[in-house]
Amino acid sequence: MSEDTRVSPVELRAPRGAKSLEIDWADGITHTYRHALLRGFCPCAYCQGHQGPVGWTAAATDEDLELLELEEVGNYALRLVFADGHSTGIYTFSHLRQLGDLSSRPLEEIKAHRFTR
């Protein structure tokens with residue numbers, strides 16, 4: 001299976017009021033993403049700067065972590081809008097797949113992780 005196919009989402013589930021997003025991937029894998037994980041690893045320039053690896057940023061409070069909107073960006077990414085007003089993160093499918101591979105671990109364990117851009 002090619003890398004492009006592996007990182008293609010088939011279905012997204014983000015019910016209102018939930019604290020997680022689920023993605024079914026084309027290769028049959030399903031990942032559940034806590035909103036804290038998504039917000040903590042936001043790839044936007046405000047959170048990460050313009051270069052270097054993507055790392056953990058200070059996430060909003062639990063009350064602000066509701067995901068209000070999901071918007072597809074081309075055929076390669078999602079833009080996520082959080083209740084704290086943050087909406088500039090463009091999460092590539094590749095970045096989401098990498099996050100998904102860590103999603104079952106405790107947040108304290110993965111905060112030191114870095115992703116290449």
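- Within the 3.5 Å criterion, the main-chain N or O of L96 finds a donor-acceptor partner in the side chain of Y33.
- In this structure, R39 contributes its side chain and H86 its backbone to no donor-acceptor pair below 3.5 Å.
- Here the CZ atom belonging to F93 is positioned 5.0 Å from the CG atom belonging to L78, to the nearest 0.5 angstrom.
- Under the 3.5 Å distance criterion, the side-chain polar atoms of H95 are matched with a main-chain donor or acceptor of F41.
- Checking side-chain atoms of H35 against main-chain N and O of L65 turns up a donor-acceptor pair under 3.5 Å.
- Between L12 atom CG and E72 atom CD the span is 8.0 Å, to the nearest 0.5 Å.
- In this view, E69 satisfies the salt bridge (charged side-chain N to carboxylate O under 4.0 Å, His left out) rule with no residue, not counting sequence neighbours.
- Its side chain outside the 4.5 Å cluster rule for every partner, V10 clusters with none of the Ile, Leu, Val, Met, Phe, Trp and Tyr residues.
- How far CD1 of I90 is from CG of L80: 8.5 Å, rounded to the nearest 0.5 Å.
- With sequence neighbours excluded, the residues forming a salt bridge (charged side-chain N to carboxylate O under 4.0 Å, His left out) with E22 are R13, listed by chain and number.
- For S20, the side-chain contact (heavy atoms from CB on, under 4.5 Å) test picks out T32, with sequence neighbours left out.
- In this structure, the side chain to side chain donor-acceptor pair (under 3.5 Å) partners of E71, at least two apart in sequence or on a different chain, are R79.
- Taking CD1 from I23 and OH from Y91, the interatomic distance works out to 11.0 Å, rounded to the nearest 0.5 Å.
- R114 CZ to Q48 CD: the interatomic distance, rounded to the nearest 0.5 Å, is 8.0 Å.
- R105 meets the side-chain contact (heavy atoms from CB on, under 4.5 Å) test with L102, E109, I110; sequence neighbours excluded.
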